[in-house]
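A short write-up of the structure that comes next.
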Amino acid sequence: MVSFPDLRLRRIREQAPLRKLTRETRLSPSGFVYPMFVTHGQNIRQPIEPMPGCHHLSLDLLAEDVGEAADLGIPAVLLFGLPQEKDPVGLGAYDPEGIIQEAVRTIKREVPDMMVITDVCLCEYTDHGHCGVIDNGRVDNDATLELLARTGLSHVQAGADMVAPSAMMDGQVRAIRRELDAHGHETIPIMGYAAKYASAFYGPFRIAADSTPQFGDRHSYQMDPANARMAMREIESDIAEGADIIMVKPALAYLDVIRQARDRFDHPLAAYNVSGEYSMVKAAAERGWVDEKAVTLELLTAIQRAGADITLTYHAKEAARWLKERE
Ligand code: PBG
């Protein structure tokens with residue numbers, strides 16, 4: 001084995017061009033997905049307080065922001081909707097004229113090259129805030145499947161390019177796959193939120209989406225943060241049900257899970273850099289405690305180094321701009 005003084009690892013780091021050439025992980029906007037929040041009304045661009053830089057956007061203002069993302073080289077957006085009304089069974093989720101369905105139509109009409117991914121879940125649409133329907137005080141898995149399938153189909157019928165079920169119901173990928181295939185949409189892929197943890201890092205999102213559970217919590221369907229082997233089983237089951245892309249969520253506190261998933265499965269792997277992870281960076285940066293640009297690019301690099309091909313991040317646009325500067 002060669003060792004010092006014959007071995008000098010700093011030789012590789014001495015020259016800037018060589019540092020570039022030997023970089024193992026190369027960040028690019030082509031790996032980002034930009035999540036957006038759509039709302040009813042006109043001319044609405046309401047800042048989301050705990051997520052600085054993110055807004056509730058009305059349909060008439062949507063295309064401009066989506067166009068900006070497209071110009072920055074971001075291939076896809078992920079849509080979340082705020083319905084006018086909520087009810088026990090989340091009618092707004094599968095309403096053919098619902099907020100997401102209209103948003104999808106708007107984007108596909110005005111920025112047709114932007115890929116539109118929709119989040120398929122009920123929690124933004126139910127008055128109790130749970131991701132499924134309630135029966136006797138518990139979330140009823142199988143009764144929820146039918147509604148998730150209907151939701152996914154309605155998104156695709158509106159023009160969605162891919163659907164992403166996030167309710168953590170057993171069988172949700174299979175239910176949606178069957179429904180899509182039965183209606184001739186066998187070419188539309190499914191990105192499964194396969195290993196989704198019951199995480200406190202979703203806090204800012206729940207304020208943004210007004211989707212905090214009104215009783216109990218999500219621990220009976222989302223995963224225990226202590227479990228990594230269970231994540232592998234969740235991913236396996238999503239793959240068995242027909243998921244084309246698998247996901248680990250959140251990202252930063254679960255880099256080990258991303259790495260294990262990368263080593264174990266050959267499916268394209270996504271990681272969701274969630275709201276709380278974003279808000280922490282924003283808050284510290286606002287106080288001048290961290291350099292937002294440097295910290296963000298370091299974190300996004302870490303997610304990719306851990307093994308993610310796709311990163312869903314609220315920082316997508318800013319990061320794309322910073323990467324352009326850094327070139
Ligand atoms: C819907 C959903 C949630 C997030 C994505 N899809 C909220 C939740 O499960 O409570 C969280 C996203 C984020 O925090 O950025 N179920």
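Since the model is a prediction, treat every value here as computed from it, not as a measurement. Remember, it's 1-based here, ligands and their atoms both numbered in the order they're listed. Numbers for residues simply follow the sequence, beginning at 1.
The atoms of ligand 1 that sit less than 4.0 Å from any heavy atom of C123 are 1 (C), 16 (N). The atoms of ligand 1 that sit less than 4.0 Å from any heavy atom of K249 are 2 (C), 3 (C), 4 (C), 5 (C), 6 (N), 11 (C), 12 (C). Annotation for ligand 1: atoms under 4.0 Å from non-hydrogen atoms of D119 are 1 (C), 6 (N). Listed by atom number, the atoms of ligand 1 under 4.0 Å from R218 heavy atoms are 8 (C), 9 (O), 10 (O). Taking every heavy atom of V274 and a limit of under 4.0 angstrom, the matching atoms of ligand 1 come to 13 (C), 14 (O), 15 (O). Of all atoms in ligand 1, numbered sequentially from 1 with element shown, those under 4.0 Å from a heavy atom of S166 are 1 (C), 2 (C), 6 (N), 16 (N).
Of the possible donor and acceptor atoms, one in the side chain of S28 sits under 3.5 Å from a partner among the backbone N and O of S30. The backbone N or O of K293 sits nowhere less than 3.5 Å from a side-chain atom of T296 that would complete a donor-acceptor pair.
Checked against a 3.5 angstrom limit, the closest N/O atoms of E124 and ligand 1 fall outside it. In terms of polar-atom proximity, S211 is not counted as a contact of ligand 1, lacking any N or O under 3.5 Å from an N or O of the ligand.
Looking only at heavy atoms of the protein, atom 14 (O) of ligand 1 is closest to S275 OG, 2.7 Å. What sits closest to atom 2 (C) of ligand 1 on the protein, heavy atoms only, is K196 NZ, 3.3 Å.
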Before giving the answer on side-chain contact (heavy atoms from CB on, under 4.5 Å), spell out for C131 and L122 the whole-Å C-alpha distance, their side-chain angles and the decisive distance to 0.1 Å. CA-CA 5 Å; C131 301; L122 301 185; 5.6 Å; no
Are E286 and K282 close enough, and set up right, to give a salt bridge (charged side-chain N to carboxylate O under 4.0 Å, His left out), and what steps lead you there? CA-CA 6 Å; E286 263 171 26; K282 285 285 176 188; over 6 Å; no
May I have the step-by-step check of side-chain contact (heavy atoms from CB on, under 4.5 Å) for F215 and I134, ending in yes or no? CA-CA 11 Å; F215 66 91; I134 305 294; 3.7 Å; yes
In sequence, state the C-alpha distance, the side-chain angles, and the governing distance for H155 and Y94, and then conclude on side chain to side chain donor-acceptor pair (under 3.5 Å). CA-CA 8 Å; H155 292 172; Y94 36 92; over 6 Å; no
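Heavy-atom separations between M168 and ligand 1 are all 4.0 Å or longer. The closest approach between any non-hydrogen atom of Q222 and ligand 1 is below 4.0 Å. At least one heavy atom of Y314 sits less than 4.0 Å from an atom of ligand 1.
Proximity of the aromatic rings of F37 and F205 is defined here by a centroid distance below 6.0 angstrom, and this criterion is met.
The shortest non-hydrogen separation linking V89 to L147 is O-CD1, 3.8 Å.
Counting heavy atoms only, F205 comes closest to atom 3 (C) of ligand 1 of the residues Y197, Y202, F205.
Contact annotation: for Y278 versus ligand 1, there are no heavy atoms closer than 4.0 Å.
With rounding to the nearest 0.5 angstrom, the CD1 atom of I117 is 4.5 Å from the CE atom of M191.
Screening D60, D65, V66 for a side chain to side chain contact (heavy atoms under 4.5 Å, CB included) involving L62 leaves a single residue, V66.
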